[in-house]
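I have placed the structure first, in the form of C-alpha cells, so that the comments after it can refer back to it.
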Amino acid sequence: MRAVSLVPSLTETLFDLGAGADVVGITDWCIFPAGLDLPRVGGTKNPRIEEIRALRPDLVYMNQEENLAKHAHAIEEFARVHVSEPKIVDDVAALFRDLATIHDRDPQPLLERLAAARAMPKRDFTFAVAIWKKPWMWCGGDTYVSDLVEQTGGRNVLRDQKRYPSIDIDDIEADVIFLPDEPYAFTIEDAEAITRSRVIGPFPGHLFTWHGSRTILGLEFLRDLKF
C-alpha cells in the first residue's frame, strides 16, 4: 500500500496506527509526528497534483471539509481516493477501524485510548467555541468540535444553530468560552477582553479541530482543565 495523506490529522493517525511505512507523501501542514521526512505535495487546499501522481500512490486520503472536490476528481484519474468527514466522536472510532482494515493493522490500542479518554467524569457547564473574529463566528451544534466538548458534559449554547453561525460576542451567554488558535489566531488580548464568561485560550486549535489520534489528546486536554 502506497498512501498519500492530504489530511494532517490522518497523517498523524496513520503513524499512530503503525501504518506510517505506507505513507509516501504528505502536505505542508502535516506537523505530527514531529520530524517527518517525506515528500511534501502542497497544502490541503492547493496540492500539487502532478507531484502526487509521480509518487504512484494506491490511495490518497482526503477530507470533505479540508480538501476540494476538484482535486479529488483529478486524483481519481490515477489513484483511489478515501474521503472522511467525522461529525461526532463516535465517527472517529469507526475511522480507526476503517484505516486499520485498509492497512492491515490492529485498531485496538487506539480504540482503548479513545474509550479511556471518553470515560472522564462529566461536568455541568455551558460553553461556546469561537472560530473567527470580525465577524465573530462559532461552532454550532452539528459540528465535530461541539460534540467533542459535549463529551465532557458541557452543553453548547449554540447547539440549535447550524455549522458556523455569526453572532456578536456580546450576545453569547455561556459559562465557558473556548478560544482555539486556529483557524483564527486568537490572542491573549482577545481573551482578556471577554469578562462575562470564563475563557479558555488561546490554546492549540488542533486539539479541537483535528480528528483521529488528536481526538484523544483533545479529550484529555478537556479532562485536565480547571474551571
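When a residue number appears, it is its place in the shown sequence, counting from 1. No experiment lies behind these values; they were computed from the predicted model shown.
- Using a 4.0 Å cut-off between a side-chain N of Lys or Arg and a carboxylate O of Asp or Glu, K87 and E85 qualify as a salt bridge.
- Here the side chain of N67 pairs a donor or acceptor atom with the backbone of T44 at under 3.5 angstrom.
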For a side-chain hydrogen bond (donor to acceptor under 3.5 Å, both in side chains) check, start with the C-alpha distance between Y144 and T215, then their side-chain angles and the critical distance, and finish with the verdict. CA-CA 10 Å; Y144 163 82; T215 300; 2.5 Å; yes
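- Under a cut-off of 6.0 angstrom, the local environment of NZ in K122 is crowded, with over 12 non-hydrogen atoms contributed by other residues, nucleotides or ligands.
- Here W136 and F186 bring their ring centres to under 6.0 angstrom of each other.
- Judged purely by distance below 3.5 Å, without hydrogens or angles, the side chains of Q64 and S84 never pair a donor atom with an acceptor atom.
- Between K133 and D190, at least one side-chain nitrogen of the basic residue sits less than 4.0 Å from a carboxylate oxygen of the acidic one, meeting the salt-bridge criterion.
- Proximity of the aromatic rings of Y164 and W132 is defined here by a centroid distance below 6.0 angstrom, and this criterion is not met.
- With hydrogens and angles disregarded, no donor-acceptor distance shorter than 3.5 Å links the side chain of D58 to the backbone of A3.
- In this structure, the side chain of R2 engages the main chain of L55 through a donor-acceptor pair within 3.5 Å.
- Environment of CG in D106: crowded, with over 12 heavy atoms of neighbouring residues, nucleotides or ligands closer than 6.0 Å.
- By the criterion of side-chain heavy atoms lying less than 4.5 angstrom apart, applied directly or through intervening Ile, Leu, Val, Met, Phe, Trp or Tyr residues, I102 is not grouped with V81; the two fall into different hydrophobic clusters.
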What donor-acceptor contacts under 3.5 angstrom involve side-chain atoms of residues 8-17, with partners at least two apart or in another chain?
{"from": "S9", "atom 1": "OG", "to": "H211", "atom 2": "O", "distance (Å)": "3.3"}
{"from": "T11", "atom 1": "OG1", "to": "S5", "atom 2": "OG", "distance (Å)": "2.7"}
{"from": "T11", "atom 1": "OG1", "to": "V7", "atom 2": "O", "distance (Å)": "3.3"}
{"from": "E12", "atom 1": "OE1", "to": "R214", "atom 2": "NE", "distance (Å)": "3.0"}
{"from": "E12", "atom 1": "OE2", "to": "R214", "atom 2": "NE", "distance (Å)": "3.4"}
{"from": "E12", "atom 1": "OE2", "to": "R214", "atom 2": "NH2", "distance (Å)": "2.5"}
{"from": "T13", "atom 1": "OG1", "to": "S9", "atom 2": "O", "distance (Å)": "2.8"}
{"from": "T13", "atom 1": "OG1", "to": "S213", "atom 2": "N", "distance (Å)": "2.9"}
{"from": "D16", "atom 1": "OD2", "to": "S213", "atom 2": "OG", "distance (Å)": "2.8"}

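- Ionic pairing of R118 and D90 is present here: one or more N-O contacts between side-chain nitrogen and carboxylate oxygen are shorter than 4.0 angstrom.
- Using a 4.0 Å cut-off between charged nitrogen and carboxylate oxygen, R159 and E150 count as a salt-bridge pair.
- Residues H82 and D98 have side chains that bring a donor and an acceptor to within less than 3.5 angstrom of each other.
- Judged by distance alone, the side chain of R196 and the main-chain N or O of D175 form no donor-acceptor pair under 3.5 Å.
- Residues E192 and I188 form a side-chain contact, since some pair of their non-hydrogen atoms from C-beta on lies under 4.5 Å apart.
- Between F125 and F127, the angle of the ring planes lies from 30° to 60°, which puts this pair in the tilted group.
- Under the 4.5 Å side-chain heavy-atom criterion for grouping Ile, Leu, Val, Met, Phe, Trp and Tyr, L59 is connected to L95 within one hydrophobic cluster.
- Remark: R123 is positioned above the aromatic ring of F227, its terminal NZ or CZ atom under 6.0 angstrom from the ring centre and at most 45 degrees off the axis.
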